[in-house]
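Read through the structure below, which is laid out as structure tokens, and then see the notes.
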Amino acid sequence: MSQAPQHPRLSFAERDAETSELFRRLAAARTPEDSEPIVEEIVHLYLDLCSSMAGRYDGRGVEHDDLVQVARLALVKAVRRYEPGHAPSFAAYAVPTISGELKRWFRDRGWVVRPPRRLQELRANLQSVRGRLEQELGATPTDAELAQAVGASVEEVREVATAATGFRPLSLDCSPSDEDRPGLSAFLAADDDDLVGADDRVCLAEALTELDDDERELLLMRYVEGMTQREIGEVRGVSQMQVSRTLRRITVRLHEQLTEHDVDPTGQPDVGEEMSTAS
């Protein structure tokens with residue numbers, strides 16, 4: 001759209017009269033080249049209407065300039081669709097057109113986290129009755145009063161309030177109050193690997209008490225210090241086969257104690273097989 005022409009400030013009656021004349025000229029235009037400047041001039045007459053209507057939706061998580069752009073596109077659409085005589089005035093036709101486009105934009109694109117359609121529609125109903133109830137009651141309506149007014153349950157009203165944060169959810173990286181405090185992600189629950197294995201460690205420690213010092217030392221050399229069976233055999237002065245058999249016997253005992261004697265159907269626990277074949 002080109003630079004807006006400089007119009008003197010017009011009264012509503014003067015703007016309606018000028019609009020009517022422009023639409024008369026638009027109807028008489030024979031080519032798109034003739035009609036486009038007229039459409040543009042009508043649009044410029046009502047740019048303030050776009051800004052005013054966009055301002056009604058400020059503070060809902062969408063930038064004001066984006067709302068103005070949506071309203072202006074709706075205004076162009078209204079100019080192209082308007083038929084003189086089918087409404088009291090062009091403004092009376094343009095206002096619901098612009099309002100509908102703004103609401104549709106919020107419904108379809110304004111959500112960062114988009115809730116189900118039923119919650120979006122219920123939210124619109126709640127917004128329309130909230131102001132009326134505040135005037136009638138002289139106070140902020142309760143969830144129960146809102147629910148009764150729109151024919152919904154209290155739980156649904158509260159669900160809408162929760163869903164409304166989807167317009168502008170907080171980032172997990174933002175700080176609750178200042179930069180010196182951790183972000184919200186620090187307060188989220190997370191898997192604790194040490195805690196997950198706590199039960200296993202307790203059970204294993206109890207099972208290890210059933211072994212003698214020589215057997216525990218053998219497990220320490222193999223699975224903590226990472227020595228091979230050949231290296232253990234050289235330190236102990238026995239063959240690798242003897243080390244393997246001893247490890248197999250120890251791990252089978254541990255496996256039976258940890259699984260309450262629920263041994264693999266083959267008769268050989270996987271852990272024992274893996275340990276005994278490692279070199």
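In this chain, residues are counted from 1 in sequence order.
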Problem - ILVMFWY cluster, Val70 and Leu73 together (side-chain gap under 4.5 Å) - result: no
Problem - Glu206: partners by side chain to side chain contact (heavy atoms under 4.5 Å, CB included), with sequence neighbours left out - result: none
Exercise for the section: Mind running salt bridge (charged side-chain N to carboxylate O under 4.0 Å, His left out) on Arg230 and Glu234 for me, showing each step along the way? Expected result: CA-CA 6 Å; Arg230 178 177 289 106; Glu234 292 174 354; 5.3 Å; no
Practice task
For atom CZ of Arg81, decide whether the heavy atoms of other residues, nucleotides or ligands shown that lie under 6.0 angstrom number more than 12.
Solution key: no
Handout entry: Glu217 with Arg236: basic N within carboxylate O range, under 4.0 Å
Key = yes
Exercise for the section: Supply the atom-to-atom distance Glu63 CD to Leu67 CG, rounded to the nearest 0.5 angstrom. Expected result: 8.5 Å
Practice task
Evaluate whether atom CD of Glu225 has more than 12 neighbouring non-hydrogen atoms of other residues, nucleotides or ligands under 6.0 angstrom away.
Solution key: yes
Problem - Minimum side-chain heavy-atom gap Tyr93-Pro84 below 4.5 Å - result: no
Handout entry: Candidate pair Val243 and Leu247, rule side-chain contact (heavy atoms from CB on, under 4.5 Å), full reasoning
Key = CA-CA 6 Å; Val243 174; Leu247 284 171; 3.9 Å; yes
Handout entry: Over 12 foreign heavy atoms within 6.0 Å of CZ, Arg201
Key = yes
Exercise for the section: Taking the side chain as every heavy atom from C-beta outward, state whether Leu218 and Leu211 have any pair of such atoms under 4.5 Å apart. Expected result: no
Handout entry: Note, Lys103 side chain near Tyr57 side chain (heavy atom, < 4.5 Å)
Key = yes
Problem - Spacing of CG belonging to Leu75 relative to NZ belonging to Lys77, to within rounding of 0.5 Å - result: 11.5 Å
Practice task
Following the transitive rule for hydrophobic clusters with a side-chain heavy-atom cut-off under 4.5 Å over Ile, Leu, Val, Met, Phe, Trp and Tyr, establish whether Leu47 and Val68 coincide in one cluster.
Solution key: no
Exercise for the section: Evaluate the side-chain proximity of Leu219 to Val224: yes if any heavy-atom separation is below 4.5 Å, no if none is. Expected result: no
Practice task
Quick one: list whatever passes side chain to side chain contact (heavy atoms under 4.5 Å, CB included) with Ala74, sequence neighbours left out.
Solution key: Ile98, Glu101
Exercise for the section: Grab the two heavy atoms, one from Val43 and one from Val76, that are nearest each other, plus how far apart they are. Expected result: CG2-CG2, 3.9 Å
Practice task
List the steps and the verdict of side-chain contact (heavy atoms from CB on, under 4.5 Å) for Val79 and Phe23.
Solution key: CA-CA 9 Å; Val79 172; Phe23 272 108; 4.3 Å; yes
Problem - Glu83 versus His86, side-chain donor and acceptor atoms under 3.5 Å - result: yes
Exercise for the section: Determine whether Thr251 and Tyr223 make a side-chain contact, defined as any pair of heavy atoms from C-beta on separated by less than 4.5 Å. Expected result: yes
Exercise for the section: Check whether Val238 and Leu220 end up in the same hydrophobic cluster, where Ile, Leu, Val, Met, Phe, Trp and Tyr are linked by side-chain heavy atoms less than 4.5 Å apart. Expected result: no
Practice task
Measure the shortest side-chain to side-chain distance between Gln135 and Arg130 over non-hydrogen atoms and say whether it is less than 4.5 angstrom.
Solution key: no
Problem - Pairwise side-chain contact, Leu208 with Leu204, heavy-atom cut-off 4.5 Å (strictly under) - result: yes
Exercise for the section: Would you check if Ile232 and Thr228 make a side-chain contact, meaning some heavy-atom pair closer than 4.5 Å? Expected result: no
Problem - Distance (rounded to the nearest 0.5 Å) between Leu22 CG and Ile42 CD1 - result: 5.0 Å
Exercise for the section: Classify the ring geometry between Tyr82 and Phe90 as parallel (under 30°), tilted (30 to 60°) or perpendicular (over 60°). Expected result: perpendicular
Fill in the blank from the handout: On a heavy-atom basis, the closest approach of Glu145 and Leu133 is O-CD1, 4.0 Å
Problem - Heavy-atom neighbours of Arg245 CZ exceed 12 at 6.0 Å - result: no
Practice task
Kindly give the heavy-atom pair with the smallest separation between Glu156 and Ala152, and that separation in Å.
Solution key: OE1-CB, 3.3 Å
Practice task
Could you tell me whether Arg15 sits above the aromatic face of Tyr46, with NZ or CZ closer than 6.0 angstrom to the six-membered ring centre and within 45 degrees of the axis?
Solution key: yes
Handout entry: hydrophobic_cluster_shared for Val154 and Val129, side chain cutoff 4.5 Å
Key = no
Exercise for the section: Kindly determine whether Arg80 and Glu36 satisfy salt bridge (charged side-chain N to carboxylate O under 4.0 Å, His left out), including the steps that lead there. Expected result: CA-CA 10 Å; Arg80 297 189 185 281; Glu36 284 304 318; 3.3 Å; yes
Problem - From OG1 (Thr19) to CZ (Arg24), nearest 0.5 Å - result: 13.5 Å
Completion exercise
Here the gap from Arg30 atom CZ to Ser35 atom OG, rounded to the nearest 0.5 Å, amounts to 13.5 Å
Completion exercise
Heavy atoms of Pro37 and Asp34 approach each other most closely as CD-O, 3.5 Å
Practice task
Locate the shortest heavy-atom distance separating Ala71 from Cys50; write the atom from each residue and the value.
Solution key: O-SG, 3.6 Å
Exercise for the section: Kindly determine whether Gln229 and Met241 satisfy side-chain contact (heavy atoms from CB on, under 4.5 Å), including the steps that lead there. Expected result: CA-CA 8 Å; Gln229 294 180 359; Met241 182 60 67; over 6 Å; no
Problem - Lys/Arg-Asp/Glu bridge criterion (N-O < 4.0 Å) met for Glu215, Arg222 - result: no
Exercise for the section: Please confirm whether the backbone N or O of Asp48 pairs with a side-chain atom of Ser52, one donor and one acceptor, at under 3.5 Å? Expected result: no
Handout entry: Inter-residue atom distance Cys203.SG - Leu254.CG, 0.5 Å rounding
Key = 12.0 Å
Exercise for the section: Give a yes or no on whether the backbone of His255 and the side-chain of Thr259 come within a donor-acceptor separation of less than 3.5 Å. Expected result: yes
Practice task
Using a strict 4.0 Å threshold on nitrogen-to-oxygen distance, state whether Glu21 and Arg25 make a salt bridge.
Solution key: no
Exercise for the section: Evaluate the criterion side-chain hydrogen bond (donor to acceptor under 3.5 Å, both in side chains) for residue pair Asn125 and Ser128; output intermediate values, then yes/no. Expected result: CA-CA 5 Å; Asn125 291 338; Ser128 65; 4.9 Å; no
